[in-house]
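Report on one structure; see the data block that follows.
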Amino acid sequence: MPSLRSRALSAALIAAGRRRRFASAEAVRARVAESARRPASHLPPRSLGRVADISRTFVGAWPVYDVSPLGAEPAAHVLYVHGGGYIHELVRPHWALIRTLVTRARARVVVPAYILAPRGTADRTVPVAADLLSGLIASGGSAGTVLIGDSAGAGLALAAAQRLRDRTGDQPSRIVLISPWLDVTMSHPDQAAIEADDPLLARPGLLEAGRLYAGTLAADDPRVSPLHGGFAGLAPMTVFTGTRDVLSTDSRELLLRARADGAEVEFHEEAGLPHGYPLLPLPEGRAARERIVELIRSTAAL
């Protein structure tokens with residue numbers, strides 16, 4: 001059973017109408033238009049500077065933040081790719097997770113504020129993410145490298161890992177996918193029933209956001225929807241999902257397809273939990289974050 005706090009939060013999300021952001025294609029297009037007029041900030045909160053060294057560089061047009069333990073050598077390296085349906089910037093829950101990775105796992109965390117759709121499409125975005133991952137692996141030395149993504153960021157992260165595998169065979173020490181969005185076609189037959197109980201997401205808006213991100217590519221192109229790519233030769237994966245998430249079907253399909261390809265998958269599915277629960281202030285979210293910290297620490301010990 002989900003915790004009382006989790007049930008209360010889901011009820012509050014429904015009451016607040018959070019699903020409206022993805023309720024229709026029109027809602028997504030309106031959000032994209034508003035973002036073009038008034039771009040949202042992706043800056044880290046000032047409080048993060050009290051516990052971490054923060055710098056920013058640019059990779060092409062991408063601002064890339066480098067967040068490291070304050071006054072200490074990092075024990076591991078993380079590339080963190082944020083979610084938001086490919087149309088939203090980094091927000092406070094993302095930065096809260098990054099803070100946990102820096103302070104609890106003593107990780108250096110590289111955080112790209114990638115170009116959002118429709119300007120940032122998969123054909124342009126995936127190669128840059130793969131280059132960032134390649135560079136982090138090359139510079140990591142004896143410390144491990146962990147690739148982490150949530151929601152749409154998990155889709156971009158997995159596509160980048162697949163591209164890097166195909167290009168050089170290199171892989172990070174581990175891939176962590178949090179409530180991953182891996183198939184923008186939204187075509188799984190179980191999604192309609194799950195959607196009715198999802199307090200955050202709805203298929204019409206996700207379909208439109210996926211269409212914008214796909215650009216000129218087909219929605220089932222592996223660069224757009226890495227669920228349709230191969231899993232052989234990828235790093236060991238850890239996946240977190242909840243049953244009140246319309247995208248949980250992507251996680252279940254990944255488990256089946258990856259294991260069929262001989263890939264290693266550690267799978268966590270929490271009953272009654274919503275999309276992105278490891279980023280939320282919930283007991284189950286705290287437990288998930290602790291597991292992620294353990295995984296990063298284990299790579300540092302290799």
Side-chain angles (χ1 to χ4, degrees), residues 39-84 86 88-116 120 124-154 156-161 163-164 168 170-178 235 278-279 289 292-293 295-302:
S41 172
H42 47 67
L43 292 173
R46 291 183 181 179
S47 60
L48 185 59
R50 293 198 287 267
V51 297
D53 289 317
I54 307 170
S55 62
R56 185 176 70 174
T57 58
F58 284 84
V59 176
W62 291 19
V64 178
Y65 295 93
D66 197 318
V67 188
S68 295
L70 192 63
E73 282 295 313
H77 301 271
V78 171
L79 178 62
Y80 174 67
V81 190
H82 74 88
Y86 297 114
H88 295 96
E89 287 287 6
L90 285 147
V91 293
R92 292 191 73 88
H94 298 135
W95 287 113
L97 176 61
I98 292 161
R99 181 189 179 109
T100 296
L101 302 182
V102 171
T103 58
R104 301 272 293 118
R106 217 157 51 85
R108 171 198 175 199
V109 186
V110 175
V111 187
Y114 55 87
I115 304 301
L116 302 176
R124 301 171 180 174
T125 303
V126 172
V128 182
D131 287 344
L132 277 173
L133 178 59
S134 178
L136 195 59
I137 293 170
S139 67
S142 60
T145 300
V146 179
L147 173 62
I148 302 177
D150 75 273
S151 192
L156 174 53
L158 182 58
R163 180 181 177 90
L164 187 58
T168 67
D170 290 338
Q171 284 291 282
S173 306
R174 180 166 290 271
I175 300 168
V176 178
L177 306 176
I178 300 169
L279 278 69
R289 292 190 294 275
I292 294 169
V293 167
L295 290 166
I296 295 171
R297 287 175 174 169
S298 69
T299 67
L302 292 177

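The shown structure was predicted, so the numbers you read here are calculated from the model rather than taken from an experiment.
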Check: Taking only residues two or more places apart in sequence or in another chain, which ones pass side-chain contact (heavy atoms from CB on, under 4.5 Å) with Leu43?
Finding: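 With sequence neighbours excluded, Leu43 shows a side-chain contact (heavy atoms from CB on, under 4.5 Å) to Ser41, Arg56, Tyr65, given in chain and number order.
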Notebook entry, point to check: Considering residues at least two apart in sequence or located in another chain, which fulfil the side-chain contact (heavy atoms from CB on, under 4.5 Å) criterion with Arg163?
Noted result: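 side-chain contact (heavy atoms from CB on, under 4.5 Å) list for Arg163, sorted by chain: Val126, Pro127, Ala130, Arg167.
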Margin query: Does anything in residues 89-105 form a salt bridge (Lys or Arg N to Asp or Glu O under 4.0 Å)? List the pairs, not counting sequence neighbours.
Written below: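 As it turns out, the salt bridge (Lys or Arg N to Asp or Glu O under 4.0 Å) pairs with a partner in residues 89-105, which skip direct neighbours, are Arg104-Glu290.
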Note to self: Quick test of your reading: applying salt bridge (Lys or Arg N to Asp or Glu O under 4.0 Å), list the pairs with at least one residue in residues 39-50, sequence neighbours left out, ordered by first then second residue.
What the structure shows: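 Those involving residues 39-50 do not exist here.
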Show me the donor-acceptor pairs, under 3.5 Å and distance only, between side chains in residues 145-152 and residues at least two apart or in other chains.
| from | atom 1 | to | atom 2 | distance (Å) |
| --- | --- | --- | --- | --- |
| Asp150 | OD1 | Tyr80 | OH | 2.5 |
| Asp150 | OD1 | Gly83 | N | 3.0 |
| Asp150 | OD2 | Gly83 | N | 3.3 |
| Ser151 | OG | His275 | NE2 | 2.8 |

Closest contact, heavy atoms only, [X] versus [Y]:
{"X": "Ile175", "Y": "Ala161", "result": "CD1-CB, 3.8 Å"}
{"X": "Thr299", "Y": "Ser173", "result": "CG2-CB, 3.7 Å"}
{"X": "Val59", "Y": "Val128", "result": "CG1-CG1, 4.0 Å"}

Checklist line | Heavy-atom side-chain contact between Thr100 and Ile292 under 4.5 Å | finding: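 In short, these two side chains do not touch, never coming nearer than 4.5 Å.
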Next item on the list: May I ask you to test the Val81-Leu132 pair for a side-chain heavy-atom distance under 4.5 Å?
Entry: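 No. Closest side-chain heavy atoms not under 4.5 Å.
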Please table the atom pairs, donor to acceptor, closer than 3.5 Å between any side-chain atom in residues 107-116 and protein atoms at least two apart or in another chain.
| from | atom 1 | to | atom 2 | distance (Å) |
| --- | --- | --- | --- | --- |
| Arg108 | NE | Asp66 | OD1 | 3.1 |
| Arg108 | NE | Asp66 | OD2 | 3.0 |
| Arg108 | NH2 | Asp66 | OD2 | 2.7 |
| Tyr114 | OH | His82 | O | 2.7 |

Notebook entry, point to check: Can you tell me how far CD1 of Ile296 sits from CG of Leu101, rounded to the nearest 0.5 angstrom?
Noted result: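 Separation between the atoms: 4.5 Å.
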Note to self: To the nearest 0.5 Å, what is the distance between CG on Leu48 and CG on Asp53?
What the structure shows: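 Between atom CG of Leu48 and atom CG of Asp53 there are 10.0 Å.
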Next item on the list: Name all residues meeting the side chain to side chain donor-acceptor pair (under 3.5 Å) criterion together with Ser47; count only those two or more places apart in sequence or in a different chain, and write none if there are none.
Entry: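 Applying side chain to side chain donor-acceptor pair (under 3.5 Å) to Ser47 gives none.
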Mark yes or no for whether [X], through its side chain, and [Y], through its backbone, hold a donor-acceptor pair below 3.5 Å.
{"X": "Arg106", "Y": "Glu73", "answer": "yes"}
{"X": "Ser298", "Y": "Leu295", "answer": "yes"}
{"X": "Arg174", "Y": "Ala235", "answer": "no"}

